[in-house]
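Report on the structure given below.
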Amino acid sequence: MIRKKKTFDLLLYINSFFCLVENGHLDVTNQKKLQFELSKFLTDNLPGYQIYCSSFHRHFFDVKNLAKHRIDIVLKNKINNELIAINLNVLNKGTMNDELFKCVQNIKYMEQLSDIGFNKAYCLCLSLNLDYCVGNRKDICKYFQKSKIIHGKIYRDKNIDDRYFEIKKRYKIKWIENNNDTYFYLLEMKKGKKK
């Protein structure tokens, strides 16, 4: 009998991480704090991986002209050199269209990283403001408030400017409630797999 190889499931670790956040053991009120606390948590719980923070993708693959340059967290398996990228967003204050457009930029970037050779790529977003998750806006917010499929050209604000990212695969935001005040989602991009 052939045993199926266990696959890495980041969501299990993220759920455990946010249990610590919910119990007040960790402060993740901005992106730098989230990056620090999550990378420390993963280092403590994934001894088979090397953890890199704020790494340029060119450190792993010499490719130019991607949607971004830096990866917030990279996990590298010490045995088989599997590469996993995680980019983070923390939504709290600011212009909603700008903040959500950064989330779409991360989705595009993670798609590109999975295309150039990363085994898996993830977008993790933490919302400290319920307005990002629930509402009836029809602009870019509809992808995050109403879970409309993210696919094709996603504009920052079609009525004001023509900035957009073109998303190849299909993604749907599913917010997970951490407690009454915070929500998060985790999107996974797998190499060569259509969503």
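Numbers for residues simply follow the sequence, beginning at 1. Fair warning: this is a prediction, and the values are worked out from it, not measured in the lab.
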Check the surroundings of atom NZ in Lys78: do more than 12 heavy atoms from other residues, nucleotides or ligands lie under 6.0 Å from it?
-> yes

Does the side chain of Ile107 reach to within under 4.5 Å of the side chain of Met189, using non-hydrogen atoms?
-> yes

Walk me through it: do Tyr171 and Glu188 pass the test side chain to side chain donor-acceptor pair (under 3.5 Å)?
-> CA-CA 9 Å; Tyr171 306 97; Glu188 179 181 354; over 6 Å; no

For this output row, return yes or no: ring centroids of Tyr13 and Phe41 closer than 6.0 angstrom.
-> no

Arg58 and Val63: which non-hydrogen atoms are nearest, and at how many Å?
-> CG-O, 3.4 Å

Quick check: does any side chain N or O of Thr43 sit under 3.5 Å from a backbone N or O of Ser39, one acting as donor and the other as acceptor?
-> yes

Under 6.0 Å between ring centres, would you say that holds for Phe184 and Phe18?
-> yes

Hey, are the side chains of Glu22 and Thr182 touching, using non-hydrogen atoms and a 4.5 Å cut-off?
-> no

Between Phe165 and Phe101, is the gap from one ring center to the other below 6.0 Å?
-> yes

Are any of the side-chain heavy atoms of Leu66 and Tyr109 separated by less than 4.5 Å?
-> yes

Treating Ile, Leu, Val, Met, Phe, Trp and Tyr as nodes and any side-chain heavy-atom pair under 4.5 angstrom as an edge, say whether Phe56 and Ile86 lie in one connected cluster.
-> no

Verify the neighbour count for atom CD1 of Ile79: are there more than 12 heavy atoms of other residues, nucleotides or ligands below 6.0 Å?
-> no

Examine distances only and state if a side-chain atom of Lys108 and a backbone atom of Glu166 form a donor-acceptor pair shorter than 3.5 Å.
-> yes

Is Leu91 close to Cys103 at the side-chain level, that is, under 4.5 Å between some pair of heavy atoms?
-> yes

Quick one: does Gln35's side chain have a donor or acceptor within less than 3.5 Å of a partner on Ile73's backbone?
-> no

Check whether the side chains of Asn97 and Arg137 place a donor and an acceptor atom closer than 3.5 Å, and report yes or no.
-> yes

If you measure from CD on Glu111 to SG on Cys123, what distance do you get to the nearest 0.5 Å?
-> 9.0 Å

Lys172 atom NZ, over 12 foreign heavy atoms within 6.0 Å = no

Sorted by first residue and then second, give each side-chain hydrogen bond (donor to acceptor under 3.5 Å, both in side chains) pair with at least one member in residues 63-73; sequence neighbours left out.
-> Lys68-Asn106

Per the side-chain contact (heavy atoms from CB on, under 4.5 Å) rule, which among Val28, Ile71, Leu38 passes with Leu88?
-> Leu38

Please check if the side chain of Gln112 supplies one atom and the backbone of Ala67 the other of a donor-acceptor pair under 3.5 Å.
-> yes

Sub-3.5 Å donor-acceptor pair from the side chain of Gln50 to the main-chain atoms of Leu75, do we have one?
-> no

Going by atom types only, do Tyr49 and Glu82 share a side-chain donor-acceptor pair under 3.5 Å?
-> yes

Leu128 side, atom CG; Asn30 side, atom CG - distance, nearest 0.5 Å = 9.0 Å

Please name the residue in the list Tyr132, Tyr185, Tyr143 that meets the ring-ring contact (aromatic ring centres under 6.0 Å, His included) test with Trp175.
-> Tyr185

Would Phe17 and Asn45 count as a side chain to side chain contact (heavy atoms under 4.5 Å, CB included) if you check the C-alpha gap in whole Å, the side-chain angles of each, and the deciding distance to 0.1 Å?
-> CA-CA 10 Å; Phe17 173 76; Asn45 289 281; over 6 Å; no

Residue pair Lys102, Glu99: steps toward the salt bridge (Lys or Arg N to Asp or Glu O under 4.0 Å) verdict | CA-CA 5 Å; Lys102 290 176 187 174; Glu99 295 304 305; 3.4 Å; yes

Evaluate the side chain to side chain contact (heavy atoms under 4.5 Å, CB included) criterion for residues Leu100 and Asn89: first the C-alpha distance (whole Å), next the side-chain angles of each, then the deciding distance (0.1 Å), finally the verdict.
-> CA-CA 9 Å; Leu100 295 176; Asn89 291 93; over 6 Å; no

Does atom CG of Asp162 have more than 12 heavy-atom neighbours from other groups under 6.0 Å away?
-> no

Can you check salt bridge (Lys or Arg N to Asp or Glu O under 4.0 Å) on Arg156 and Asp139, steps first, answer last?
-> CA-CA 8 Å; Arg156 181 200 161 275; Asp139 49 14; over 6 Å; no

Does Tyr52 share a hydrophobic cluster with Leu83, counting links as ILVMFWY side-chain heavy atoms below 4.5 Å and allowing steps through other members?
-> yes

Is there a path of hydrophobic side-chain contacts, each under 4.5 Å between heavy atoms of I, L, V, M, F, W or Y residues, that connects Leu20 with Leu124?
-> yes

Start with the C-alpha gap between Phe118 and His57, add the side-chain angles, then the distance that decides, and say whether ring-ring contact (aromatic ring centres under 6.0 Å, His included) holds.
-> CA-CA 10 Å; Phe118 277 78; His57 62 258; 8.5 Å; no

Got Lys169 and His151 here, is their nearest side-chain heavy-atom distance under 4.5 Å?
-> no

So do the side chains of Met110 and Leu113 get within less than 4.5 Å of each other, counting heavy atoms only?
-> yes

Scan side-chain atoms only and decide if Asp27 and Thr29 contain a donor-acceptor pair under the 3.5 Å cut-off.
-> yes

Run the side chain to side chain contact (heavy atoms under 4.5 Å, CB included) check on Ile150 and Arg170 step by step: do they pass?
-> CA-CA 6 Å; Ile150 297 173; Arg170 302 171 77 81; over 6 Å; no

Inter-residue atom distance Gln105.CD - Ile167.CD1, 0.5 Å rounding = 10.0 Å

To the nearest 0.5 Å, atom CD1 of Ile176 lies from atom SG of Cys133 at 11.5 Å

Do the non-hydrogen side-chain atoms of Tyr122 and Asn87 ever get within less than 4.5 Å of each other?
-> no

Do Phe144 and Leu130 sit in the same hydrophobic cluster, where Ile, Leu, Val, Met, Phe, Trp and Tyr count as joined when their side-chain heavy atoms come under 4.5 Å apart?
-> yes

Should Ile149 and Ile140 be regarded as members of a common hydrophobic cluster, given that ILVMFWY residues are connected when their side-chain heavy atoms come within less than 4.5 Å of each other, either directly or indirectly?
-> no

To the nearest 0.5 angstrom, please state how far the CG atom of Leu186 sits from the CG atom of Leu126.
-> 12.0 Å

Would you indicate whether the side-chain heavy atoms of Gln145 and Asn136 approach each other to under 4.5 Å?
-> no

Separation of Ser127 OG from Ile173 CD1 (nearest 0.5 Å) = 11.5 Å

Is the NZ or CZ atom of Lys153 positioned over Tyr164's six-membered ring, under 6.0 angstrom from the centre and within 45° of the axis?
-> yes

